[in-house]
Structures are given as C-alpha cells and as structure tokens.
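Following: one structure in structure tokens, then a few remarks.
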Amino acid sequence: MTNPFRFVGPVAPASLIDRREELDLLARAVATGVTVRLAGPRRFGKTSVIDAHLARMAATGHRVARVDLSRVSTVTDVCVRLVRAYQPFGGAARGALARIAQRLGVTIGAAGIAVTLSPARTEPPSDEQARYLLAEVLDLPATLDDGDRTVVALDEFQDVLTADRDLDGLLRSVIQHHGDRVSYLFAGSAPTMMRALFEDRERPFYGQARPIAIGRLPAEETARDIDATLRRHELDGGDATAQIVALGAGHPQRTMLLAHHLFELLDVGNGEGDAGALAARSLDLALHDTADAHATVWDQLDRPERAVAFALADGLPPTSHAVAERSRMPRSTLADALGRLTREGQHVEVGDHGPAIVDPLLEIWLRRRNEVSA
Ligand SMILES: Nc1ncnc2c1ncn2[C@@H]1O[C@H](COP(=O)(O)OP(=O)(O)O)[C@@H](O)[C@H]1O
Ligand SMILES: [Mg+2]
C-alpha cells in the first residue's frame with residue numbers, strides 16, 4: 001500500500017490538516033486588497049498553505065501563480081523562476097514570456113512548464129539586462145487586462161536577497177503600480193531575513209505586508225485526521241496515534257514523518273505490542289531518518305549555543321545558575337547565545353512557555369545524547 005503520509009514537499013490541499021483560519025485570512029486579504037506575508041519555520045507548511053490558498057482562488061476565477069524563489073542566486077535565476085511560474089497564464093502572456101525566455105537564454109518546454117537552459121546560447125545576459133528583463137516579467141500579470149485578477153505568491157522570498165542585496169527595491173518599484181489587478185503574497189522561512197525585509201525602515205517593503213504566522217498544528221484535530229486516514233486504509237493506530245501526535249508537538253512535518261512510520265509498522269503487520277511500544281518504534285525510525293540533519297544543526301552551533309540547546313532539551317532555564325555552572329560559562333554568555341538563537345528563529349522559538357526548541361525530534365535527539373544507540 002502506498003503510504004498516505006507525505007513528509008517531503010507541500011501536501012495536496014485535500015490532505016491539509018487544519019489551517020482554516022489562515023486560509024480564511026488569506027482569502028479575505030485578496031478580497032480586500034491587503035498584501036500579506038506568511039512567516040513560519042522551515043517545514044511548517046507554508047508552501048502547502050499557499051497551494052491550498054491558490055487552489056481556492058483559482059476556483060473563484062482568479063488567475064494564480066506560485067513563484068518558487070528557493071536558492072535563487074542570480075537575477076537571471078529570479079527571472080527564470082518567474083517565467084516558469086507565469087507560464088500557465090497562456091494567452092496574451094505566452095508571446096511575452098517566450099520573448100523574455102529567449103533573451104534569458106532559456107527554453108520553454110513543450111508542456112509549457114519546464115524551463116531549461118538553452119544549449120545554443122553563448123552569452124548570458126549582463127546584470128543590467130537581467131534586471132531589465134526582471135522588471136518586464138514582473139510587470140506581466142498587470143498587463144493582462146482580461147478583467148481577471150491575478151494572485152501571485154512569492155515563496156521563499158527572502159532568497160531574493162541572495163541574488164542581489166537590493167533586489168527588493170526593484171521588485172517593489174514594479175509591483176507597487178499593480179493596484180488591485182494583482183494580489184501579492186510573500187512567504188519565507190528565514191525569520192531574521194523576512195523581518196529585515198519587512199520591518200526595517202530602510203527597506204523598500206517596510207510595513208508593506210501584514211504578517212500571518214504559520215504555527216503548530218492542533219493536537220486533537222491532527223490525531224483525528226491521522227486516525228481517519230489510517231482507517232481508510234483499514235488500519236487502526238489505537239492509542240499510538242495520540243502518542244505520536246504528542247511526540248510531534250504540533251510540528252507539521254515531524255508529525256507526518258512519525259505518522260508515516262506508524263503507518264508502515266501497522267501495514268506490514270509489525271503493529272503488535274502495546275500502543276506505547278508502537279509509538280516508541282515509530283519515534284526510533286523517525287530519529288534514524290533525521291539523525292544526520294540533527295548532527296548538521298549541531299555542527300553549526302557554537303559552544304554557548306550548544307549549552308543553551310542542551311538546557312532547553314533537558315527542560316532547564318537556559319540562562320540559570322545551574323546551567324551556567326554545569327556548562328562552565330557565564331550567564332551573560334548563555335543569554336547572548338539564547339538571544340542569537342531566538343532572533344535567528346530557525347531552531348529556537350519563543351512560545352507560550354518561554355524559549356523552546358522548534359523541532360521536537362532535535363529536542364529528543366539532544367536529550368538522548370547519553371544513550372547508547374543500538
Ligand atoms: N497542514 C498540514 N497538514 C499535514 N501535513 C502538513 C501540513 N503542513 C505541513 N505538513 C507536512 O510538512 C511537510 C512540509 O510542508 P511544506 O508546505 O513544504 O512546508 P514549508 O513550505 O513551510 O517548508 C509536508 O510534506 C507535510 O508532511
Ligand atoms: Mg516551502
């Protein structure tokens with residue numbers, strides 16, 4: 001049986017757990033002409049929410065596009081991503097896109113979606129040419145005056161700053177004239193960079209988009225949805241479902257990874273034993289999958305940040321005397337490290353109960369550091 005619990009890439013709108021409130025806010029923003037930005041840690045489901053939102057907008061007659069800006073490193077990359085995203089517009093857009101693509105040195109595939117670097121091309125566009133083409137392709141949705149409104153989502157928006165430190169200025173200067181013909185939605189997973197783009201008075205997008213947070217999933221509904229999916233496959237998670245949901249701590253991708261393994265264990269008939277044992281086996285498999293990723297995070301932390309991470313995983317106040325003593329570091333050093341980690345927002349976030357580790361599996365991995373792995 002194919003495992004219904006996907007943990008890589010966006011989930012299909014029909015498989016989305018909850019997010020009703022976020023989707024309503026997004027729909028209202030389009031209706032009222034408000035620009036919004038989706039903020040949340042990596043793998044919390046921003047792209048999944050965008051896809052569900054765009055599907056809804058398309059169903060109400062809007063033209064939609066999701067521009068994936070992840071890992072763009074040049075202005076030409078940004079152009080290519082836009083050309084690819086606007087390709088399905090067809091009609092009047094087709095000619096303009098083909099011309100821009102040709103000047104970029106890319107070929108649009110027969111299906112109209114694939115964009116590949118054209119081998120015949122000798123010289124890539126200069127930076128100035130690329131910026132000119134970018135302005136042109138950015139403007140495209142506003143030039144389609146067939147009465148339909150276009151909804152554009154710019155995903156992993158913070159990466160435009162990798163391509164060019166001032167590219168937000170060019171983007172703003174073009175799209176500010178689009179009025180309500182085009183609605184823009186920005187999403188990003190690097191909180192510090194997104195804040196820099198939208199909350200720094202010096203930057204062109206300062207105060208230009210209302211933030212909507214993509215947070216953790218509600219436990220009860222998540223467990224209910226996972227149970228329903230299991231039952232559709234004639235499997236019964238019993239109490240193990242609630243237990244893996246608790247282990248996932250509302251982290252969408254980690255919860256799906258745990259559910260994936262629970263499904264696997266039940267499906268091959270390894271679901272014997274009590275619920276606790278089943279949940280524990282699912283957890284071990286998920287930890288096995290993610291161990292390399294945790295080790296990479298660990299490698300990137302400096303000594304005080306590691307002390308803070310350990311303290312958080314162990315449930316100790318990270319800047320307490322006890323932690324200062326056991327890590328042999330001044331409390332001010334620990335406070336600085338905690339400040340850096342929360343500001344960066346990738347691994348530590350400030351929740352209702354103070355600072356916490358974002359990824360529940362990383363937290364368990366840290367807590368289990370003294371255990372001998374089998
Ligand atoms: N609302 C949700 N319901 C179910 N699974 C989700 C949800 N949001 C995220 N996920 C899980 O997280 C993974 C990553 O989602 P994605 O949308 O790519 O996150 P992001 O864009 O924030 O990095 C998905 O493959 C899925 O396993
Ligand atoms: Mg994404």
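What you see is a predicted model, and the numbers here were worked out from it, not measured in a lab. Heads up: numbering here begins at 1 and tracks the sequence. First listed ligand is number 1; within each ligand, the first listed atom is number 1.
For D239, there are no salt bridge (Lys or Arg N to Asp or Glu O under 4.0 Å) partners, not counting sequence neighbours.
Counting non-hydrogen atoms of neighbouring residues, nucleotides and ligands closer than 6.0 angstrom, the NE2 atom of H321 reaches no more than 12 such neighbours. Other residues, nucleotides and ligands contribute over 12 non-hydrogen atoms within 6.0 Å of the CZ atom of R369.
Near-neighbour remark for the Mg ion (ligand 2): protein N, O or S atoms under 2.8 Å are T47 OG1; waters not counted.
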What short N/O contacts, under 3.5 Å, does ligand 1 make with the protein, listed by atom pair and distance?
{"unit_1": "ligand 1", "atom_1": "1 (N)", "unit_2": "I17", "atom_2": "N", "d": "3.4"}
{"unit_1": "ligand 1", "atom_1": "1 (N)", "unit_2": "I17", "atom_2": "O", "d": "3.0"}
{"unit_1": "ligand 1", "atom_1": "3 (N)", "unit_2": "I17", "atom_2": "N", "d": "2.9"}
{"unit_1": "ligand 1", "atom_1": "17 (O)", "unit_2": "T47", "atom_2": "N", "d": "3.4"}
{"unit_1": "ligand 1", "atom_1": "17 (O)", "unit_2": "S48", "atom_2": "N", "d": "2.8"}
{"unit_1": "ligand 1", "atom_1": "17 (O)", "unit_2": "S48", "atom_2": "OG", "d": "2.6"}
{"unit_1": "ligand 1", "atom_1": "19 (O)", "unit_2": "G45", "atom_2": "N", "d": "3.0"}
{"unit_1": "ligand 1", "atom_1": "21 (O)", "unit_2": "T47", "atom_2": "N", "d": "2.9"}
{"unit_1": "ligand 1", "atom_1": "21 (O)", "unit_2": "T47", "atom_2": "OG1", "d": "2.8"}
{"unit_1": "ligand 1", "atom_1": "22 (O)", "unit_2": "R43", "atom_2": "N", "d": "3.4"}
{"unit_1": "ligand 1", "atom_1": "22 (O)", "unit_2": "F44", "atom_2": "N", "d": "3.2"}
{"unit_1": "ligand 1", "atom_1": "22 (O)", "unit_2": "G45", "atom_2": "N", "d": "2.9"}
{"unit_1": "ligand 1", "atom_1": "22 (O)", "unit_2": "K46", "atom_2": "N", "d": "2.8"}
{"unit_1": "ligand 1", "atom_1": "22 (O)", "unit_2": "K46", "atom_2": "NZ", "d": "2.6"}
{"unit_1": "ligand 1", "atom_1": "23 (O)", "unit_2": "R43", "atom_2": "N", "d": "2.8"}
{"unit_1": "ligand 1", "atom_1": "25 (O)", "unit_2": "V8", "atom_2": "N", "d": "3.4"}
{"unit_1": "ligand 1", "atom_1": "25 (O)", "unit_2": "G9", "atom_2": "O", "d": "2.5"}
{"unit_1": "ligand 1", "atom_1": "27 (O)", "unit_2": "R6", "atom_2": "O", "d": "2.4"}

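Inter-residue side-chain proximity for L265 and L285 is flagged as met; some heavy-atom pair is nearer than 4.5 Å. Side-chain contact between L316 and R326 is present, with heavy atoms from C-beta onward closer than 4.5 Å.
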Derivation and outcome, salt bridge (Lys or Arg N to Asp or Glu O under 4.0 Å), residues E221 and R20: CA-CA 12 Å; E221 184 174 350; R20 280 180 301 276; 3.0 Å; yes
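Using bins of under 30°, 30° to 60° and over 60° for the plane-to-plane angle, the ring pair F157/F198 lands in the tilted bin.
Note on E156 versus R81: no salt bridge recorded, every NZ/NE/NH1/NH2 to OD/OE distance being 4.0 Å or above.
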Ignoring hydrogens and angles, write down the donor-acceptor pairs under 3.5 Å from the side chains of residues 249-260, residues two or more places apart or on other chains.
{"unit_1": "H251", "atom_1": "ND1", "unit_2": "Q253", "atom_2": "N", "d": "3.3"}
{"unit_1": "H251", "atom_1": "ND1", "unit_2": "R254", "atom_2": "N", "d": "3.2"}
{"unit_1": "Q253", "atom_1": "NE2", "unit_2": "F7", "atom_2": "O", "d": "3.0"}
{"unit_1": "R254", "atom_1": "NE", "unit_2": "D359", "atom_2": "OD1", "d": "3.1"}
{"unit_1": "R254", "atom_1": "NE", "unit_2": "D359", "atom_2": "OD2", "d": "2.9"}
{"unit_1": "R254", "atom_1": "NH2", "unit_2": "D359", "atom_2": "OD2", "d": "2.7"}
{"unit_1": "T255", "atom_1": "OG1", "unit_2": "H251", "atom_2": "O", "d": "2.7"}
{"unit_1": "H260", "atom_1": "ND1", "unit_2": "N3", "atom_2": "OD1", "d": "3.3"}
{"unit_1": "H260", "atom_1": "ND1", "unit_2": "N3", "atom_2": "ND2", "d": "3.2"}
{"unit_1": "H260", "atom_1": "ND1", "unit_2": "F5", "atom_2": "O", "d": "2.8"}
{"unit_1": "H260", "atom_1": "NE2", "unit_2": "N3", "atom_2": "ND2", "d": "3.4"}

